[in-house]
Amino acid sequence: MPHPRVLYWFRTDLRVHDSPALHAALALEPQCLYPVWCWDPHYVREARVGPNRWQFLIQCQRDLSASLTRLNPAQRLLVLREAPGTLLPKLFKEWAITHLVFEKDTDSYAAQRDAEIVKLAQEADVQVITRTGRTLWDPAAIIKENGGKATMSLTSFMKASKNLGDPPKPLPEPSSIPDPGDLSLSFLNTVPPTVIDLNKLHRQKHDDESYSALAGPNSDFAPPTLEELGIPESTATTPHQGGETVALTQLAKLLEDSKFIATFEKPKTAPTAFEPAATTLLSPHLHFGSLSVRRFLHDVQRVTSAYKGSKSQPPTNLPGQLYFRDMYFAAQHAVGPAFSHTVGNPVVRYIPWHLPSTMPPSPTAPYTIDSPRAHAWFLRWAWGVTGFPFVDALMRQLRQEGWIHHLGRHMVACFLTRGGAYVDWERGAEVFEELLLDHEPACNLGNWMWLSCTAFFAQYYRCYSPVAFGKKWDPHGAFVRRYVPELRGFADKWIYEPHLAPEAEQRKAGCFIRDLEDGGLLPLKTQAAGQVYYPSPMFDFAERRDFCLAQMKKAYQVGLHGDDPRVRDGTAKAELFEQVESSENTTTASTHKRKRTRSTNEAGPLDGWVKKGKK
DNA sequence: ATGACGTTGTATGA
DNA sequence: TCATACAACGTCAT
């Protein structure tokens, strides 16, 4: 191949440092290099992406574009507004591409898409080169070492990875890149049909205009703006910044504190710490690839080996966190698309949760409202108005900033599922998908299974208390005061349980604790103008914990997994869990009636609270 | 078969 | 600041 013309397809590798795929592209000694980002409708419309993550992504794209220009003034990131499946074959022809290069992505959707793209490239006589780069090890290689089985514990993962040797050393940033070829485009873009638009809720300004022109409104291939996407800038409220430059600066700063790096123990870091947080906050960069996971590992190992003194070990140290990430990627790879839900998933335990996913999946009615009460609990959880200050503080921090500490995620996930509301973990995973900057499908899904004790973890009797767990880390409640400002005036004694404060204390604190009306879905009817209120707890936690514990015990005895045919056809709940249903249902309609009146939600899952709650 | 272990629980009592 | 009961899960090494 004398004059390779390379299309480098950027996806979740928005960086120029340690990019094995970019190095592979440059090793071809190309005559020209096209650095392309395709505006995949899977991301634009089908995945749940909140304003904060849109902003973070755009920042990553802009920073990458600037880096490419630094490496060659004629270069920039070419953002094209069309689906890869229809766009890439046209580009192969238009730019006489000889090689397509990209970093492997083993997420379920991406793997399927990439297989199709590889086929299209072969049909166009374009050679495809891929490299593993998103994880420390290739998930497929890990699973092969693990005998084809999903890695369900860190022990099995570590054993499998040991046979593969150390992860590759990080590669340096290239000193230069070749010119692009001719950038003219002789065709208009094909606008993908809108079948699903899970992000419609966020497009308050106007409809999505990201597909209005192939190379952007100014024909300059620029990354989109929030304005173009119809998302008001004011709704992106995160203080966290995207981009490789920010990521590497943040990493360098962390590495200066060798004691922090070498003695890091995750369970000893406080979920209540803010400004600064107790952990590295590098996870969003790992997701978008603005930081290489191998670069992170290598730098941590270098600083740790130079550190004099006793050091922390996996699984609690910093490398241990990265191993867990890889473990989830490998498990997802082994299970396939079913990893994202219960039905058909062989590794997940079946629990007859409230608000189960609709089968077959439907984007307009994603779940069944089997219990209006549980639905209200779910919405109140998602919007941080449960009446449990620690839970609400965490959920509001998540919504505002797009990041909460790992242990905080444990707390709210346990609370929604096996330790409180008894709501399906898939509902919680969807809310996290929308709000987290660092949303990594494999890790998010894996951790939700972990915390709901449906896979990876089974000690369901270890249950987090929304009062005790907060107090343990932050006895004075500074974290609660920061994110639930209406409670600021309460004394430490009441900060985690303000509903127990006498009326006089509430008056002194300038905030009254009152029940929400209509089963908790509506704000108070009787509130006075100018008066500040905070809701009473949405349920008796001790009572709910006991109930959940009993249900979990029963479900473990029944012992069904997601791939059981009785789970798929819906008979499992009816035939094996009748007693579960009736034992909880003491106050509302009978089991019989509820089953017949089961309805699905027409609006988006969070529609109810949004408008009414915001007033 | 058996026992140790598993990243990160809570309440109680000394 | 410890230790222990709570009621008791799955995985892995032996």
Side-chain angles (χ1 to χ4, degrees), chain A residues 145-147 149-162 263-273 277-280 283 300 311-328 330-331 334 346-351 388 390-391 394 404-420 425 443 446-475 479 496-497 540-562:
Chain A
E145 286 297 330
N146 200 44
K149 296 194 304 288
T151 42
M152 299 308 291
S153 70
L154 195 68
T155 315
S156 63
F157 170 81
M158 296 282 273
K159 213 176 133 189
S161 70
K162 212 169 181 182
T263 64
F264 181 94
E265 287 180 80
K266 183 62 141 301
K268 291 186 181 168
T269 58
T272 50
T279 50
T280 68
S283 52
V300 163
K311 301 156 189 179
S312 52
Q313 297 296 320
T316 58
N317 68 358
L318 282 171
Q321 311 311 303
L322 302 179
Y323 299 153
F324 272 109
R325 177 173 179 270
D326 257 51
M327 177 192 81
Y328 286 132
V347 302
V348 76
R349 200 171 274 282
Y350 173 69
I351 315 273
F388 292 91
F390 189 45
V391 173
L394 286 162
I404 54 176
H405 185 279
H406 190 65
L407 291 182
R409 301 182 196 198
H410 278 211
M411 171 70 242
V412 298
C414 177
F415 184 85
L416 181 71
T417 59
R418 66 179 168 88
W425 62 267
C443 301
N447 275 318
W448 273 96
M449 288 183 234
W450 185 299
L451 264 300
S452 61
C453 287
T454 50
F456 299 101
F457 184 73
Q459 289 160 271
Y460 57 78
Y461 40 84
R462 289 193 186 173
C463 181
Y464 291 87
S465 155
V467 174
F469 193 64
K471 271 186 192 167
K472 182 167 105 181
W473 291 103
D474 183 15
F479 179 78
Y496 287 98
E497 293 173 289
D540 180 323
F541 173 72
E543 196 181 281
R544 291 304 301 173
R545 182 196 52 213
D546 292 348
F547 167 80
C548 287
L549 216 63
Q551 299 333 299
M552 294 301 287
K553 189 177 173 181
K554 162 123 184 160
Y556 266 69
Q557 282 168 355
V558 172
L560 292 183
H561 285 75

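Chain letters run A, B, ... following the sequence lines, proteins first, then strands; residues in each count from 1. What you are looking at is a predicted structure, and each value in this text was computed from that prediction instead of being measured.
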- [ ] Examine distances only and state if a side-chain atom of Arg418(A) and a backbone atom of Leu451(A) form a donor-acceptor pair shorter than 3.5 Å.
- [x] yes
- [ ] Heavy atoms only: give me the nearest Met327(A)-Ser153(A) pair and the separation to one decimal.
- [x] SD-C, 3.5 Å
Task: Other residues, nucleotides, ligands: >12 heavy atoms within 6.0 Å of Lys311(A) NZ - done: yes
- [ ] Scan nucleotides 8-14 of chain C nucleotide by nucleotide, 5' to 3', and note B when protein non-hydrogen atoms come under 4.0 Å of the base, S if they reach only the sugar-phosphate, - if neither.
- [x] BBS-SS-
Task: Counterpart residues, ring pair (Phe, Tyr, Trp, His ring centres under 6.0 Å), relative to Phe456(A) (two or more places apart) - done: Tyr328(A)
Open item on the list: Does anything in residues 318-327 of chain A form a side-chain hydrogen bond (donor to acceptor under 3.5 Å, both in side chains)? List the pairs, not counting sequence neighbours.
Closed with: Lys266(A)-Gln321(A), Arg325(A)-Glu440(A)
Open item on the list: Reading 5' to 3' and counting Watson-Crick or G-U wobble pairs with both distances under 3.5 Å, write the dot-bracket notation for DNA chain B, | for bases paired outside the strand.
Closed with: ||||||..||||||
TODO: Decide whether His405(A) and Thr269(A) meet the rule of one side-chain donor and one side-chain acceptor closer than 3.5 Å.
DONE: yes
Open item on the list: Categorize Trp473(A) for me: base, sugar-phosphate, or nothing, with a 4.0 angstrom heavy-atom threshold over every strand shown.
Closed with: nothing
Open item on the list: If we ignore hydrogens and angles and just use 3.5 Å, is the side chain of Asp474(A) paired with the main-chain N or O of Gly470(A) as donor and acceptor?
Closed with: no
- [ ] Return each pair, listed once, that meets side-chain hydrogen bond (donor to acceptor under 3.5 Å, both in side chains) where at least one residue sits in residues 453-467 of chain A; pairs must be two or more places apart or across chains.
- [x] His410(A)-Tyr464(A), Ser452(A)-Thr454(A)
Open item on the list: If you take any heavy atom closer than 4.0 Å to DNA chain B, which residues from residues 316-326 of chain A end up in contact?
Closed with: Thr316(A), Gln321(A), Phe324(A)
TODO: For Phe264(A) and dT7(B), give me the distance from atom CZ to atom C1', rounded to whole Å.
DONE: 10 Å
